[in-house]
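Here's the structure, in C-alpha cells; my notes come after.
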Amino acid sequence: MPIRRVVALSLILSLLSLPVLGQNGNTDLLARIRKEAMEHSQIMKTMHMLTDVYGPRLTGSPNHKNAAEWAIKQMTAWGLENGHLEPWDFGHPGWLNERLSAHIVSPVKDPLVCEALAWTPGTKGTVTAKAVQVVLPERPSQDQLNIFFSGQKSRVKGKIVLVGKQTIVPVNLNPPAKRTSDEQAQQRFGPNARPFAFPTPSPTPTPDPNAPKPLTNAQIAEQLDLFLRDNGAVVRVNDAGREFRQIRAFNNRTFDVDKAVPTVVMSNEDFGRITRILADGTEVTLEFNIVNKVYPEGTTSYNTVAEIPGSDKADQVIMLGGHLDSWHAATGATDNAIGCAIMMEAARILKTLGVKPRRTIRVALWSGEEEGLLGSIAYVKEHFGSFEAPKPGYEKFGGYFNIDSGTGRVRGAGVFGPPEGASIMREILAPFKDDGVVGAVASRSRALGGSDNTSFSQAGLPGIGMGQDPIEYNSNTWHTNLDTYERILEDDVKKNAMVVAWSAYQLATADTLLPRFSNSDMPARPPETAAAQPSTPKAKPAPKKVPISRRRGRR
Ligand SMILES: [Zn+2]
C-alpha cells in the first residue's frame, strides 16, 4: 500500500477512535463472537427461566424479584461481577393474580376468556350474579355524570357490570408485514434516512364556551370505579376490544385494591356474545372466582445489575439493558424477557471469549418500565444525574443499548447525540450488513417514552435504541395474553446478542467516548408532562408507550 494511503487511512481510523475493524485481531473476534452466539447460545434457556419459571413479572411482585435474583445468580455463574439488586421506591404494593375462573351459567353454560385487571381485588370466593351493561354518556360534564350515576345505582347493586358498548373489531384484510423490507430499513436507518416526522395531531374542535366542561377519561374512570364499589357491584367487566381473543390487561390507575371492585378484561368475543344476548331482553347470569394477592413489600422494587469490569478505563461505563418487569396476562416473553436475555447473552459471550474491555460493560435489567420507565429513571438519576444536574458519573458514561421491541432481528440503531455519534455506530454495525443490519441514525429527542433508552436520552446521555423487525409484536404479542416463549424467533435473537456483544465491546474499547452534544447544542429537556414519543426515528408509527396521563389503562 502506498505510504500516503496508509497515512490517510490511519488518519481516518484515528478520527473514528475505533479499534481498526479490518485488523486481524478484530476480524477474528467478530468470528469468535458469531460462533459463540450461534453455536453455544444460552438465550432460550434464559428465556425458559424468565418466562416459564418466573413469569409473569409484574413490578413489585415476588415473581419479578425471584426472576431478578435468578438473573444475578446466572450472570455471576457466567463470570460477571458485582451482581446485585438495586432498590428504588415503587411506592405501590406488589400484586399477583393467582386464580381466575369465569363462566356464563345462564341462559347457556360456557367458560369465558378473561384476565384480571392488575391492582384490583379478588372476589370473595365464587360469585354468581346477573349481568347488566352500563354505557356511559360520551364526554360527560360532572353534572351529567352525577345524574347518570344516580339513575344507575339500583341497576348495578349485586350485579356483574359490563362497562361500555362492545368494540366492533373489523376483519383485517391487510395484515402488517412481519419483516421490515430492505428498502424500509434503509429509509429508517440508512445513510440517507428520512427524519421521522411525528404525526400532527388532528385539531381538537373549539369547545362551545357556554357548554359544561367535559371530564377527562381519568376522572371518569376513577369516579366509575368508586361508583361501582360504593353501590355494591360484584364484578366489573371491561371489553378487551381486540381480535382473536387477545387481551391486554393493565392496571387500576390508583394501584389501590380498595378503590375498585374485582375487575376483569374479557375477550371481545365473549363480551360481544353477552352484549347481544342482553340486547334480546334475555337475562344473563355469570360466575366468577378471582384470587388476587397483594404484597406490601413490593413498594420497594429492584433493578438487576451485573458487570464485566473494565481495565485502564474501568470507571467509564457502557451499559446494556432491557426491562425485566412485564404485564401479567402472559409470561412477558417478547416484552421484555427477550431484551433481558439478549443483553445477558451478549455479556456472557464477551465473558466466555475472555476479552478485556477497557471500559466497564454493565448489564441492567430494569423494573417499573411498564408503569412509566420508573426503574431506569431512578437509576439514571442516582448514578449519572443529567445535563442540567450532572453527577460525577455523567461525564464517564459511554452509551446505553436497549432492546424492547419484541423478537425481531435488529435492523439499525437510533443514537441520541450529534450525527458523529450515529456515524460511529454505523461503522460499528457495518460488519452485520449481511444479517440485515442497515446502520444508525442520530436522534435529538429528549422526550421520555418508548423504552428505557429514553431515560438516558432525557438526561442528555447517549441512549441507543435498537430498531427491530416487527414480526408479531404490535399485532399479537405486545402486552397481550399471547406473549409467551413460543413467540421467540431463536435465530433472530441469537443474532441480536451477537450484534450487541460486538457493539458494546467496540464502545468499551474505543479511544474516546461517543461524542455528545456540545453545551450550546444540547436540545432542551421537554417538560415532564410532554407526550411520550419514540426516541428512535420510525418509518411509521410503531409500538410506543404513552405516559400515564394519556392512557386509558396502562399500556
Ligand atoms: Zn417493553
Side-chain angles (χ1 to χ4, degrees), residues 46-47 50-51 54-61 63-64 67-68 71 90 118 246 248-251 301 303-304 319-344 363-377 379 400-408 410 414 447-458 463-485 487-488 492-493 496 500 532-536 538 541-548 550-551 553-555:
T46 303
M47 284 303 294
L50 296 181
T51 60
Y54 295 115
R57 303 169 307 277
L58 200 63
T59 301
S61 69
N63 296 24
H64 169 266
F90 178 41
Q246 277 181 28
R248 288 178 177 173
F250 304 113
N251 64 297
S301 186
N303 293 319
T304 306
M319 290 187 70
L320 329 172
H323 65 91
L324 186 57
D325 68 297
S326 74
W327 283 113
H328 56 287
T331 52
T334 67
D335 189 17
N336 186 15
I338 194 56
C340 297
I342 287 167
M343 298 314 184
M344 287 171 68
V363 177
L365 315 178
W366 314 111
S367 64
E369 195 273 354
E370 296 293 8
E371 292 77 24
L373 314 178
L374 304 176
S376 56
I377 290 172
Y379 188 90
Y400 165 72
F401 292 92
N402 190 75
I403 286 202
D404 186 18
S405 301
T407 192
V410 164
L448 206 55
S451 189
D452 295 295
N453 52 305
T454 68
S455 303
F456 288 81
S457 44
Q458 188 199 42
I464 304 168
M466 306 304 263
Q468 298 168 257
D469 276 341
I471 313 296
E472 300 163 335
Y473 194 56
N474 207 17
S475 55
N476 291 63
T477 64
W478 181 47
H479 294 167
T480 74
N481 55 335
L482 309 181
D483 189 7
T484 62
Y485 179 96
R487 304 271 57 81
I488 298 301
D492 278 27
V493 300
N496 292 351
V500 172
Q533 290 170 332
S535 65
T536 311
K538 294 195 160 116
K544 67 181 173 195
K545 298 180 179 169
V546 181
I548 285 166
R550 279 177 55 199
R551 291 180 186 191
R554 246 327 275 195
R555 301 183 68 180

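One-based numbering along the sequence shown. A quick note: this is a predicted structure, and the numbers were derived from the prediction, not measured. Whatever order the structure lists ligands and atoms in, that order sets their numbers, starting from 1.
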Of all N, O or S atoms in Asp335, the one closest to the Zn ion (ligand 1) is OD1
State whether Asp404 contributes an N/O/S atom found under 2.8 Å from the Zn ion (ligand 1). yes
For the residue pair Phe456 and Tyr400, categorise the inter-ring angle as parallel (less than 30°), tilted (30 to 60°) or perpendicular (more than 60°). parallel
Pick out which of Glu370, Glu371, His64 makes a side chain to side chain contact (heavy atoms under 4.5 Å, CB included) with Leu58. Glu371
Specify whether an N/O/S atom of Glu370 falls short of 2.8 Å from the Zn ion (ligand 1). no
Would you confirm whether Asp483, through its side chain, and Asp335, through its main-chain N or O, come within 3.5 Å as a donor-acceptor pair? yes
Side chains of Leu448 and Ser455 in contact at under 4.5 Å (non-hydrogen atoms): yes
